[in-house]
There are 2 protein chains.
Amino acid sequence: MDITDKKIIGILANDARASLTDIGAAVDLSPSAVNERIRRLVTSGVIRRFTLEVDHRILGFDVLAFVWIALATDADESEFRSFIASHPAVAECHHVTGAWSYCAKVRMPTLGDIEPFLAELKARRYLARSETVLALSTATERPVTLPPATRRSG
Amino acid sequence: MDITDKKIIGILANDARASLTDIGAAVDLSPSAVNERIRRLVTSGVIRRFTLEVDHRILGFDVLAFVWIALATDADESEFRSFIASHPAVAECHHVTGAWSYCAKVRMPTLGDIEPFLAELKARRYLARSETVLALSTATERPVTLPPATRRSG
DNA sequence: CTTGAAAGATCTGTAAA
DNA sequence: TTTACAGATCTTTCAAG
């Protein structure tokens with residue numbers, strides 16, 4: 001994992017379909033060398049998948065919300081985690097420090113879809129309390145965080 | 001934007017480098033037809049970019065945090081937004097309802113990197129108050145939210 | 001939307017540093 | 001162990017129907 005690898009990740013984060021030739025030209029390497037590095041980045045788990053950045057509004061998801069969840073004391077936490085991980089509306093869910101147990105980022109077609117979601121969490125006895133914070137607008141949203149490509153690291 | 005388009009987006013979200021041939025086989029279309037649909041999805045803005053899902057731990061970002069920000073009353077909000085959007089550690093930042101103005105999702109190499117970040121926000125007179133919530137573990141994290149595909153396109 | 005052909009990219013194997 | 005090169009294979013693109 002050297003600077004060239006990080007440059008390659010940066011290029012692919014901007015355009016996952018960039019050709020090996022073009023990437024090679026950008027990092028002064030042959031296409032096969034680039035190919036070999038990408039293969040290693042994938043097998044070593046640095047690159048998890050090649051994916052998409054989409055406009056969820058156009059796809060019909062007008063509502064973005066953060067739902068803070070306090071788990072019920074008798075909730076089966078691993079069952080909750082697999083339920084929330086398989087729920088199509090949940091984009092992210094993290095176990096967090098502070099007053100709440102979990103923070104879930106959810107996307108819904110309309111505001112009215114949030115209540116049934118909370119109701120299901122409650123019906124399954126996961127939920128003690130919750131608080132929903134709506135996102136009004138987004139200043140930035142990027143899938144990949146990279147250090148400025150100036151240093152080495154392992 | 002029909003069901004076939006949504007299927008194509010689902011396939012590309014799982015593997016942005018899937019070949020037109022394979023996608024076509026999955027949705028019963030010729031490679032050229034798939035190519036044309038993807039082109040339309042890109043130009044219409046549904047697909048914003050082809051990108052990567054990476055393991056930020058391996059890349060040296062061990063800390064994921066949500067920083068709740070109350071803007072200073074005299075802060076230049078659009079200046080704040082462009083500052084936060086260009087900050088490399090900020091993965092997301094949303095204007096939100098509730099007690100706080102903004103919620104920023106940040107990735108840092110270490111816990112110690114959070115304080116200088118907050119200090120800079122304060123030094124620039126953006127920050128009135130803030131609260132930092134750490135993510136201890138992640139139950140799920142997906143870049144694309146899609147409705148369950150329930151029907152065939154033909 | 002499909003077909004078919006040309007152009008371009010990728011993959012594999014082999015050799016060299 | 002990593003990179004370079006060349007031939008074969010696959011993919012993408014374009015024109016025509």
Side-chain angles (χ1 to χ4, degrees), chain A residues 1-55 58-60 143-144 146-154, chain B residues 1-60 143-144 146-154:
Chain A
M1 170 58 77
D2 60 3
I3 289 185
T4 302
D5 281 336
K6 287 187 178 156
K7 281 189 192 170
I8 292 174
I9 290 175
I11 293 168
L12 288 175
N14 275 325
D15 177 11
R17 299 194 309 179
S19 76
L20 302 180
T21 309
D22 290 349
I23 300 170
V27 301
D28 278 315
L29 240 42
S30 71
S32 355
V34 174
N35 194 28
E36 185 57 28
R37 279 172 180 266
I38 294 176
R39 182 188 306 282
R40 266 182 314 203
L41 288 169
V42 171
T43 60
S44 70
V46 180
I47 295 177
R48 280 215 267 261
R49 77 205 322 183
F50 296 81
T51 185
L52 246 39
E53 205 180 308
V54 305
D55 186 327
I58 302 182
L59 285 172
V144 176
L146 278 181
T150 51
R151 296 182 314 171
R152 296 191 84 90
S153 84
Chain B
M1 172 56 84
D2 60 4
I3 289 185
T4 301
D5 281 336
K6 288 187 178 154
K7 280 188 190 174
I8 291 174
I9 289 175
I11 293 168
L12 289 174
N14 276 324
D15 178 11
R17 300 194 309 179
S19 74
L20 302 179
T21 309
D22 289 351
I23 300 171
V27 301
D28 280 315
L29 241 44
S30 72
S32 321
V34 174
N35 195 25
E36 184 58 28
R37 278 171 180 266
I38 293 176
R39 179 188 309 281
R40 274 197 306 247
L41 288 169
V42 170
T43 59
S44 70
V46 180
I47 295 177
R48 280 215 268 260
R49 72 193 345 171
F50 296 81
T51 185
L52 246 38
E53 204 181 309
V54 305
D55 185 328
H56 288 94
R57 282 259 165 80
I58 301 183
L59 285 172
V144 176
L146 278 182
T150 50
R151 292 188 316 171
R152 290 201 143 268
S153 65

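Every chain is numbered from 1 and lettered A, B, ... according to where its sequence line falls, protein lines coming before strand lines.
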Once you round it to whole Å, what is the distance between [atom2] of [N] and [atom1] of [X]?
{"X": "B:Ile38", "N": "D:dT13", "atom1": "CD1", "atom2": "P", "result": "9 Å"}
{"X": "B:Ile8", "N": "C:dC1", "atom1": "CD1", "atom2": "P", "result": "9 Å"}
{"X": "A:Asp22", "N": "D:dT12", "atom1": "CG", "atom2": "C1'", "result": "14 Å"}
{"X": "B:Leu20", "N": "C:dG8", "atom1": "CG", "atom2": "P", "result": "17 Å"}
{"X": "A:Leu29", "N": "D:dC5", "atom1": "CG", "atom2": "C1'", "result": "14 Å"}
{"X": "A:Arg37", "N": "D:dT1", "atom1": "CZ", "atom2": "C1'", "result": "12 Å"}
{"X": "B:Arg39", "N": "D:dT12", "atom1": "CZ", "atom2": "C1'", "result": "10 Å"}
{"X": "A:Phe50", "N": "C:dT10", "atom1": "CZ", "atom2": "C1'", "result": "13 Å"}

task = Decide yes or no, distance alone: a donor-acceptor N/O pair under 3.5 angstrom between the base of D:dC5 and the side-chain of A:Ser32.
result = yes
request  = Taking the side chain as every heavy atom from C-beta outward, state whether A:Met1 and A:Ile9 have any atom pair closer than 4.5 Å.
outcome  = yes
inquiry  = Contact between A:Leu146 and B:Val54 at the side-chain level, heavy atoms closer than 4.5 Å - yes or no?
reply    = no
task = Using heavy atoms to find the nearest nucleotide of DNA chain D for B:Ser19 and A:Ala33 separately, return the residue whose nucleotide is more 5′.
result = A:Ala33
task = For the pair A:Asp2 and A:Arg37, find out whether any cationic side-chain nitrogen is under 4.0 Å from an anionic carboxylate oxygen.
result = yes
ask   = Which nucleotide in the set D:dT11, C:dT3, D:dT2 lies at the smallest distance from any side-chain heavy atom of B:Ser30?
value = C:dT3
inquiry  = As a test of reading the structure: which of D:dT11, C:dC11, C:dC1 is closest to the side chain of B:Arg40, going by heavy atoms?
reply    = C:dC1
query = Any sub-3.5 Å donor-acceptor pair from A:Thr51's side-chain atoms to B:Asn14's backbone N or O?
reply = no
key: A:Asn35 vs C:dC11: side-chain N/O to OP1/OP2 distance below 4.0 Å   = yes
message = Measuring to OP1 and OP2 of C:dA9, would you say a side-chain N or O of A:Arg17 lies under 4.0 angstrom away?
response = no
key: Partner of A:Ile38 under side chain to side chain contact (heavy atoms under 4.5 Å, CB included), chosen from A:Leu12, A:Asp5, A:Thr43, A:Val46   = A:Leu12
